[in-house]
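Note that the numbering runs from 1 along the sequence shown for the chain. All values below come from the heavy atoms of this structure, side chains included, with hydrogens, waters and symmetry mates left out. In this text the structure is predicted, and so the values were computed from the model without any measurement.
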Amino acid sequence: MLAAGLMLLLLFFNVQPVYCQDKYQIDISEFEKEVEKAASKPYSLGGFFEFQPITFGVNRDHAFSKLKFDLVRSGTFFEQYNLGLRLEGSYKKDIFSVFFQTDTLVQNQFVGWQDSTKLLQGLLSLRPSPNFSLEAGNKVFKWGKGYAWSPVAFVDRQKNPEDPEELRQGFTVFTAAWNQSFAGPLNNAALSAVAVPVYEHVNTQFGTLNHTNFASKLYLLFYDTDIDATFLTGSSRTTRFGFDFSRNISTNLEVHGEWARINNFKLKTINAQGVTSSHQWDAISYLLGLRYLTAQETTYILEYYHNGTGITPSQFEDYVTFVDNSYATFRQTGNLSGLTRASQLAEGVYGRPNPMLDYLYFRASQK
């Protein structure tokens with residue numbers, strides 16, 4: 001606020017020199033110094049508060065509705081109230097800097113009041129030179145060029161296509177990054193190396209415990225095309241690698257794509273009779289998208305995504321049939337074992353965002 005106020009004063013007095021009784025001239029450089037002083041403060045603190053009331057309807061005949069709602073609440077329409085608080089701050093001193101983001105959410109939904117606070121990002125950074133940096137802490141990498149999906153983002157949590165821009169929680173990592181600019185067709189190159197420890201109370205959702213995993217990303221700006229090559233290996237997750245690109249075809253039209261391979265991907269499915277099966281294969285995922293900006297500043301985004309780790313329509317239909325049969329058994333006998341198994345699977349492959357094979361995404365937004 002101080003910097004903005006000083007800038008307005010600076011613009012005002014820059015219209016023409018001001019003199020008082022032909023003796024005193026206002027020194028514009030003093031205002032400039034104040035603006036620079038306010039802008040160069042080593043610390044910052046900000047955030048926002050959000051209140052979001054929601055009313056939504058539930059299809060009581062759907063399999064997931066039977067799992068989530070039928071045993072705890074009757075009715076078709078529900079109200080939900082979300083209270084959110086986001087705080088973020090930073091401090092920088094010479095080559096050292098600290099950055100954090102926290103998210104607090106209080107919800108009143110069909111199961112009652114719930115609250116949670118989590119650290120989205122919390123980083124300690126050391127930059128001994130403009131071309132080299134070291135970081136430790138919780139970090140969101142945002143690898144990939146896709147908007148709704150990013151199959152090459154091996155060390156990020158999965159995006160929610162309903163709100164792809166919502167900030168996700170990072171993983172605890174150690175990183176080293178190097179970058180260099182060049183003259184010629186290769187304008188810039190950057191290399192990042194990442195260590196991801198997975199132990200009790202540290203990155204437990206990343207995969208198998210008691211292992212340290214390693215990832216890297218090579219970035220190239222080559223002939224005005226952004227190119228990334230990403231890689232992840234370790235014992236918490238199977239080895240995977242991929243690449244992406246982004247290029248402006250014209251001033252207002254951009255094309256982007258991603259390709260990723262996950263070695264020895266494992267998936268557990270269930271048939272209509274409740275018999276589980278394990279599958280393993282090398283999964284290939286890819287994405288192709290367009291982004292177009294009109295003269296009226298309307299942005300159109302179109303993306304096609306093939307999810308190589310997804311399930312087939314028949315596999316999903318088998319799961320829905322199993323849920324329906326288990327629900328009927330519960331209504332007749334009170335036996336919850338089938339619904340319990342179905343709920344466990346819903347927390348995994350069947351209930352994750354985008355569990356199927358192929359998706360098409362379209363978005364239009366006006367600035």
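Taking the side-chain hydrogen bond (donor to acceptor under 3.5 Å, both in side chains) definition, one finds that His306 meets it with Asp358, sequence neighbours left out. Taking the side chain to side chain contact (heavy atoms under 4.5 Å, CB included) definition, one finds that Thr239 meets it with Phe231, Thr233, Asn263, sequence neighbours left out. Partners of Tyr292 under the side chain to side chain contact (heavy atoms under 4.5 Å, CB included) rule, at least two apart in sequence or in another chain, are Asn252, Leu253, Thr294, Tyr300. Among residues two or more places apart in sequence or in another chain, the side-chain hydrogen bond (donor to acceptor under 3.5 Å, both in side chains) test is passed with Gln80 by Asn82. Applying the side chain to side chain contact (heavy atoms under 4.5 Å, CB included) test to Ala136 and every residue at least two apart in sequence or in another chain returns Phe174. Checked against ring pair (Phe, Tyr, Trp, His ring centres under 6.0 Å), Phe56 has the following partners two or more places apart in sequence or in another chain: Phe78.
Side-chain polar atoms of Arg240 and Thr238 form a donor-acceptor pair below 3.5 angstrom. Looking at Lys159 and Ser150, their side chains do bring a donor and an acceptor atom within 3.5 Å of each other. Asn188 and Ser181 form a side-chain donor-acceptor contact under 3.5 Å, judged by distance and modelled atom types alone. Judged purely by distance below 3.5 Å, without hydrogens or angles, the side chains of Ser236 and Thr208 never pair a donor atom with an acceptor atom. In summary, the side chains of Tyr319 and Glu317 do not present any donor paired with an acceptor at a separation below 3.5 Å, with no hydrogens or angles considered.
Between Trp149 and Tyr359, the ring planes are tilted. Angles from 30° to 60° get that label. Using cut-offs of 30° and 60° on the angle between ring planes, the pair Phe206 and Phe171 is perpendicular. Taking the six-membered ring where the residue is Trp, Trp281 and His279 present perpendicular rings, their angle passing 60° and hence far from 30°.
Under a 4.0 Å N-O distance rule, the pair Arg86/Glu166 qualifies as a salt bridge. Asp228 has a carboxylate O that lies under 4.0 Å from a charged side-chain N of Lys145, or vice versa, which qualifies the two as a salt bridge.
The cationic atom of Arg261 (NZ for Lys, CZ for Arg) does not lie both less than 6.0 Å from the six-membered ring centre of Phe241 and within 45° of the ring axis.
Looking only at side-chain heavy atoms (C-beta outward), Val155 and Trp143 come within less than 4.5 Å of each other.
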